[in-house]
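Notes for the one structure printed next.
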Amino acid sequence: MTPLFDGSVPELAARVARGDVSAVELATASLDAIAAKDPGLGAFLTVGRDAALEAARAIDARRARGERLGPLAGVPIAVKDALATHDAPTTAGSRILLRRVADPPDPRDGYVPPYDATVVARLRAADAVIVGKTNMDELAMGSSNENSAFFPARNPHDPSRTAGGSSGGSAVAVAAGMTPVAIGSDTGGSIRQPAALTGVVGVKPTYGRVSRYGLFAFASSLDQVGTFARDVRSAAAALQVIAGPDERDGTTEDRPATGFDPGAREGDLLEGARGGRLRVGLPRETFEEGVAPAVRARVLAAADELARAGAEIVELELPTSRFAVAAYYVLATAEASSNLARYDGVRFGLRVHDGRAPLGTLYRQTRGAGFGPEVKRRIILGTFVLSAGYYDAYYRRAQQVRALIRDDFERAFGRADVLLSPTSPTVAFKLGEKIEDPLSMYLSDVCTLPASLAGLPAMSLPGGVARPEEGGPELPVGVQLTAPAFEEARLFRVGLALERRLAAQRAEGT
Ligand code: GLN
């Protein structure tokens, strides 16, 4: 990691505000780290060197004039290419948003939106410095980054392995020390799973916590923007900046985003919701089928650490969660098939047309050339489950399952204050291992999907390492914490407690 990024994001911003380090120095350190490391990792689709340095110079000039700087003063940040930036190409990892398709396709040919996403505008207003746009699975569909129209992001712990997806590029930017914090989006696990596989913290907030204005829509009832960082406090600080109601997104809830930083809190981090001992629920189903024994062992060890710190461990059930993968891949594809109708070759992005052919041909040729195989598969599946005669059998059933999953969580939170589970059933798998088998790829999301369908806040944090097979490399394991809706502050408190315990345990072990 760049030594300049030592310490948490709030500390880094405070150093800039004090003038101990300049925004230009930080931006330069980040850009240099990207130039040195990214060619082997593929985390970035585009890097905005000039724009970043210009923004950093403006921040330094305002400090020199004695102006108060924002909470992310001078902090370099990487933004998933699914978020609109008015000054940089935005491709969402797809050829459909390119102005032309070169061979190989070049993300610098991407569509430049006429506006900033609300999240991007809030980052700029907080004086963060955006250094680049990160790689992702096409239109956020995938769990390995291999669906990117350009190249896959690679895991810094073993570049022959996946960094996870779809926000793999943002996870790698942080894991490899290229930026101290990054923004991703999570529809069914796309922040938490890559955070787990690369060994960083990744937070998916409550549905409605963060504006989706300017986020390229995949499945609107599930999509949420969130943060990646090396530690819980940093992820919380960045989330606080982007969270809160937005008049441009009617699904944001009118709740103030305050008190996220657990470092600023007094008292016991492990206090339960009603003031007593914290109750940590272990949902039985998330430790069962398909979870690698080495992963399960690390996650249970994390639960033991919380118990040793005074938490009460409660075993409980989320019985309907075993249908989460099936329900998600009906609902998400249905919503995607409708959302993606906007990419028609007429309004923006790619147009493939010989000038004379009828409109239907323009649509067909543009979408045929612009979408990759996974996106096409999902449009076809989503259109099918919404079609007359099949709607009741698939779409309505999946909605019913979604309601039951919500009820399961409701009951679980009667018995526990937070839930603890694996984030991913396995450590990082090899690039190429699952890409030919969509169903096995979909099963990577088995632990993250229940919280997505219930709209709950959840976070993955590093829980040590495990080997994928005997003699294999040691790879990060993610521990997932889930809290009731709008209880992000609780999530961060427990996360910080766990992070400290695991760090102390590591220190003892060495
Ligand atoms: N892996 C899941 C999918 O492919 C989740 C993606 C996401 O959260 N954007 O749909």
Side-chain angles (χ1 to χ4, degrees), residues 80-83 92-94 134-149 152-153 162-171 182-197 202-205 207 210 212 215-228 290 324-337 339-340 371-382 385 398 402 423-426 428-429 433-435 437-460 478 480 482:
K80 186 177 187 179
D81 210 24
L83 285 147
S94 182
T134 57
N135 201 357
M136 57 183 285
D137 282 299
E138 181 174 15
L139 296 155
M141 298 177 182
S143 308
S144 69
N145 229 290
E146 290 162 287
N147 294 333
S148 166
T162 179
S166 64
S167 314
S170 290
I183 300 295
S185 68
D186 190 311
T187 302
S190 278
I191 292 176
R192 291 161 284 160
Q193 186 251 15
L197 301 195
V203 187
K204 178 203 97 76
Y207 184 81
V210 178
R212 290 179 294 111
L215 170 70
F216 285 54
F218 162 16
S220 309
S221 77
L222 295 153
D223 299 342
Q224 271 296 288
V225 179
T227 56
F228 290 94
V325 176
Y328 170 84
Y329 279 94
V330 169
L331 296 171
T333 56
E335 292 187 34
S337 73
N339 272 328
L340 301 187
F371 290 136
E374 180 63 22
V375 173
K376 286 178 183 160
R377 176 162 34 238
R378 294 198 190 194
I379 291 173
I380 292 168
L381 182 58
V385 299
R402 187 175 190 176
T423 308
S424 160
T426 64
F429 47 92
E433 192 178 316
K434 300 191 180 178
I435 195 70
D437 180 0
L439 287 184
S440 86
M441 188 74 89
Y442 296 172
L443 287 173
S444 318
D445 307 328
V446 63
C447 305
T448 50
L449 288 174
S452 299
L453 289 166
L456 302 175
M459 164 167 71
S460 181
Q480 177 175 237
T482 306

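Whatever order the structure lists them in is the order used to number ligands and atoms, beginning at 1.
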Point to revise | Heavy-atom nearest neighbour in the protein, as seen from atom 3 (C) of ligand 1, with distance rounded to 0.1 Å | key: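 Residue, atom and distance for the closest contact: Y329 OH, 3.2 Å.
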If the cut-off is 4.0 Å to any non-hydrogen atom of [X], which atoms of ligand 1 fall inside it?
X: Y328; result: 2 (C), 3 (C), 5 (C), 6 (C), 10 (O)
X: A140; result: 6 (C), 7 (C), 9 (N)
X: F218; result: 9 (N), 10 (O)

Indicate yes or no: does an N/O atom of [X] lie under 3.5 Å from an N/O atom of ligand 1?
X: K80; answer: no
X: G189; answer: yes
X: R378; answer: yes

Select one of side chain, backbone, both or neither to describe which atoms of [X] lie under 4.0 Å from any atom of ligand 1, heavy atoms only.
X: D445; answer: side chain
X: Y442; answer: neither
X: S166; answer: side chain

**Study point:** From CZ (F218) to OG (S190), nearest 0.5 Å
**Key:**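 Reported to 0.5 Å precision, the distance equals 7.5 Å.
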Check your understanding: Hey, what do you get for CD1 (I379) to CG (L381), rounding to the nearest 0.5 Å?
Key ->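 The CD1 atom of I379 sits 11.0 Å away from the CG atom of L381.
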Review point. When you measure from atom 8 (O) of ligand 1 to each heavy atom in G165, G188, P438, which option holds the nearest one?
Key: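 Heavy atom nearest to atom 8 (O) of ligand 1 belongs to G188.
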**Study point:** Selected option - heavy-atom contact closest to atom 7 (C) of ligand 1, from S167, S452, S190, S444
**Key:**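 It is S190 whose heavy atom sits nearest to atom 7 (C) of ligand 1.
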Looking only at atom types and distance, does a side-chain atom of [X] sit under 3.5 Å from a main-chain N or O of [Y], one as donor and one as acceptor?
X: D137; Y: E146; result: yes
X: R192; Y: S460; result: no
X: T162; Y: S144; result: yes

Review point. Excluding sequence neighbours, so at least two apart, what forms side chain to side chain donor-acceptor pair (under 3.5 Å) with E335?
Key: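 For E335 the side chain to side chain donor-acceptor pair (under 3.5 Å) partners, ignoring immediate neighbours, are S221.
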Practice item. Would you please say whether a donor-acceptor pair under 3.5 Å links the side chains of S440 and K434? Key: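 The answer is no; no qualifying pair exists.
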**Study point:** Residues forming a salt bridge (Lys or Arg N to Asp or Glu O under 4.0 Å) with D81, sequence neighbours excluded
**Key:**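 So D81 forms a salt bridge (Lys or Arg N to Asp or Glu O under 4.0 Å) with K133.
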